[in-house]
Amino acid sequence: MALTISKAELIGVFVESLAYGVYLMVFNQCMFVLRKRRSRPSDYLVGTAVSLFILITAHLVIDILRNIQAFTADEAEPNYPTTYYGTFDTWQNILKSTLYVAVTLVSDAFILYRSFILWGRNYLIAAFPFLLFIADIAIGVFWVYTLSLVVPGENVFADALSVRVKTFYSITLAMNVICTLLIAFKILKIQKVVAPFAKGSEDQISRLVPIIVESGAAYSALLVIMIGTYTSKSPAMFIILNSMSPIIGIVFSSVIVRVGLGLSHGDSHRANGTLSSSRNIQWVTHASSRLPNSENYSPSFPYGGVQVSLQQTIHTHTDGSPDDIENDISSSHTKNKSGSFRVL
């Protein structure tokens with residue numbers, strides 16, 4: 001039984017609804033964590049979470065409306081769903097594409113900003129991904145505009161619209177892969193620096209999970225599948241396309257949850273008594289190397305962290321670049337490894 005565009009659209013909305021249910025649970029946890037933070041959550045965390053929720057919900061509503069119209073608006077006409085889905089210049093389809101482009105741009109802006117923060121607000125590191133992001137905005141606008149010019153019956157895989165779509169996905173993938181690699185490399189670097197101070201040993205899986213989640217690697221992998229189905233001219237592309245929005249919400253809301261809980265890197269706030277930024281992690285580790293030299297010193301604190309008072313931290317820390325701090329840690333941990341620290 002061949003997969004047609006109308007069948008793919010119907011299956012896609014079903015999968016999108018299931019993914020949206022999962023997204024609702026993650027979003028609820030996301031907002032709960034942000035509300036319960038002792039400090040005021042970052043504006044970009046709240047803004048990203050709320051914006052994605054509004055856009056993803058609207059996208060699902062439009063998809064359900066399109067399905068209802070396709071299969072019930074003109075039941076007397078044979079193969080009406082095929083005719084309906086073959087018409088791309090309807091306001092519903094244009095609005096759906098606009099919402100999808102908006103969801104993609106919000107998530108791209110989030111991962112770009114995360115890379116920027118994690119690399120110490122390094123403008124040089126963020127310059128090329130930022131240029132790709134600007135190009136993505138321009139191509140996204142052209143994509144939506146081209147939809148209004150498509151003549152009914154045109155092949156969605158072969159006309160000018162196809163060029164815009166493939167360009168949009170390619171630029172999005174390139175930017176996400178670069179940001180994913182930047183985030184993953186930085187987290188690996190931090191884990192390596194604090195490894196001598198870790199309490200106990202961690203297996204490879206427990207170290208890979210935060211890298212995969214925080215870097216948005218799952219989203220990049222999904223983009224590869226999306227581009228593959230589109231270039232192969234498979235109707236399965238519509239299944240992936242419809243379900244993409246809530247999956248984006250799941251991926252990036254999970255990152256926000258980790259940041260809100262203080263389990264992530266690159267956030268400058270305190271969450272539940274733990275330090276969550278990469279710089280703070282380095283400061284705490286630096287301070288821990290100055291604790292009294294005692295082989296039996298093994299403090300017990302929540303989340304396996306070390307206790308360093310603000311007064312002590314300010315007194316013992318000499319400000320420097322992140323690389324200088326990491327070098328200090330590497331040179332000092334050989335003298336004293338008594339501090340306990342958990343790599344998050």
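With sequence neighbours excluded, the residues that form a side chain to side chain contact (heavy atoms under 4.5 Å, CB included) with Ile171 are Leu132, Ala135, Asp136, Ile139, Thr167. A search for side chain to side chain contact (heavy atoms under 4.5 Å, CB included) contacts involving Thr4 returns Ser6, Lys7, not counting sequence neighbours. Taking the side chain to side chain contact (heavy atoms under 4.5 Å, CB included) definition, one finds that Val15 meets it with Ile11, Ile239, Ser243, sequence neighbours left out. The ring pair (Phe, Tyr, Trp, His ring centres under 6.0 Å) search around Tyr169 returns Trp143, not counting sequence neighbours. Take Tyr85 and apply the side chain to side chain donor-acceptor pair (under 3.5 Å) test, not counting sequence neighbours, and it matches Asn67. With sequence neighbours excluded, no residue forms a ring pair (Phe, Tyr, Trp, His ring centres under 6.0 Å) with Phe130. Annotation: salt bridge (Lys or Arg N to Asp or Glu O under 4.0 Å) contacts of Glu9 (sequence neighbours excluded): Arg66, Lys96. Every residue two or more places apart in sequence or in another chain that forms a side chain to side chain contact (heavy atoms under 4.5 Å, CB included) with Val33 is listed here: Gln29, Val257, Leu261. Residues passing the side chain to side chain donor-acceptor pair (under 3.5 Å) test with Tyr219: none are found, sequence neighbours excluded.
Between the side chain of Asn122 and the backbone N or O of Ile125 there is at least one donor-acceptor pair closer than 3.5 Å. Judged by distance alone, with hydrogens and angles left aside, the side-chain atoms of Asp89 form no donor-acceptor pair with the main-chain N or O of Leu149 at under 3.5 Å. Listed for the Ser97 side chain is no donor-acceptor partner under 3.5 Å among the backbone atoms of Ile94. Without hydrogens or angle criteria, Thr87 side chain to Thr83 main chain gives a donor-acceptor distance under 3.5 Å. In this structure, the side chain of Thr90 engages the main chain of Asn93 through a donor-acceptor pair within 3.5 Å.
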Decide yes or no on side-chain contact (heavy atoms from CB on, under 4.5 Å) for Lys166 and Ile227, but give the supporting numbers first.
-> CA-CA 7 Å; Lys166 285 187 285 190; Ile227 295 175; over 6 Å; no

Derivation of the side-chain contact (heavy atoms from CB on, under 4.5 Å) call for Ile256 and Phe252 = CA-CA 6 Å; Ile256 296 174; Phe252 291 98; 5.5 Å; no

How far apart are the C-alpha atoms of Ile111 and Ile183, what are their side-chain angles, what is the distance that settles it, and do they pass the side-chain contact (heavy atoms from CB on, under 4.5 Å) test?
-> CA-CA 9 Å; Ile111 194 172; Ile183 294 173; 3.9 Å; yes

Check the pair Leu60, Ser245 against side-chain contact (heavy atoms from CB on, under 4.5 Å), reporting the backbone distance first and the verdict last.
-> CA-CA 9 Å; Leu60 176 62; Ser245 291; over 6 Å; no

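A ring-ring contact (aromatic ring centres under 6.0 Å, His included) check over residues 45-78, counting only residues at least two apart or in different chains, returns the pairs Phe27-Phe53. The side chain to side chain donor-acceptor pair (under 3.5 Å) analysis of residues 47-57, with sequence neighbours excluded, yields the pairs Tyr20-Thr57. For residues 104-113, the set of pairs meeting the side chain to side chain donor-acceptor pair (under 3.5 Å) definition, not counting sequence neighbours, comprises Asp108-Asn176.
Tyr84 and Trp91 fall within the same hydrophobic cluster, where Ile, Leu, Val, Met, Phe, Trp and Tyr residues are linked whenever their side-chain heavy atoms come under 4.5 Å apart, directly or through other members. Linking ILVMFWY side-chain heavy atoms closer than 4.5 Å, directly or via other members, places Val255 and Leu181 in a single hydrophobic cluster. Note: the hydrophobic cluster containing Tyr123 also contains Trp119 (ILVMFWY, side chain heavy atoms under 4.5 Å, direct or indirect links). When the side chains of ILVMFWY residues are joined at heavy-atom separations under 4.5 Å, either directly or via intervening members, Leu173 and Phe142 end up in two distinct hydrophobic clusters. Hydrophobic clustering keeps Val61 apart from Leu24 (ILVMFWY residues linked when any side-chain heavy atoms are closer than 4.5 Å, directly or through intermediates).
Side-chain atoms of Met226 and Leu222, non-hydrogen and from C-beta on, never get closer than 4.5 Å to each other. Side-chain atoms of Phe168 and Tyr100, non-hydrogen and from C-beta on, do get closer than 4.5 Å to each other.
With values rounded to the nearest 0.5 angstrom, Met244 atom CE is found 7.0 Å from Ile247 atom CD1. Taking CZ of Phe110 as the start and OG of Ser253 as the end, the distance is 8.5 Å to the nearest 0.5 Å. Atoms CG and OG1, on Leu241 and Thr229 in that order, are 9.0 Å from each other to the nearest 0.5 Å. Between atom OG of residue Ser115 and atom NZ of residue Lys186 there is a gap of 11.5 Å, rounded to the nearest 0.5 Å. Separating the CG atom in Asp63 from the OG atom in Ser17 is a distance of 8.5 Å, to the nearest 0.5 Å. Ile134 contributes atom CD1, which lies 10.5 Å from atom CE of Met175 (distance to the nearest 0.5 angstrom).
Here the shortest heavy-atom pairing between Pro129 and Leu112 reads CB-CD1, 3.5 Å. Taking both residues in full, the closest heavy atoms of Ala8 and Phe238 are given as CB-CB, 4.1 Å, listed atom of the first, atom of the second, then distance.
Just one of Leu55, Ile248, Val101 meets the side-chain contact (heavy atoms from CB on, under 4.5 Å) condition when paired with Val106; it is Leu55.
Remark: Tyr80 OH is packed, more than 12 non-hydrogen atoms of other residues, nucleotides or ligands lying under 6.0 Å away.
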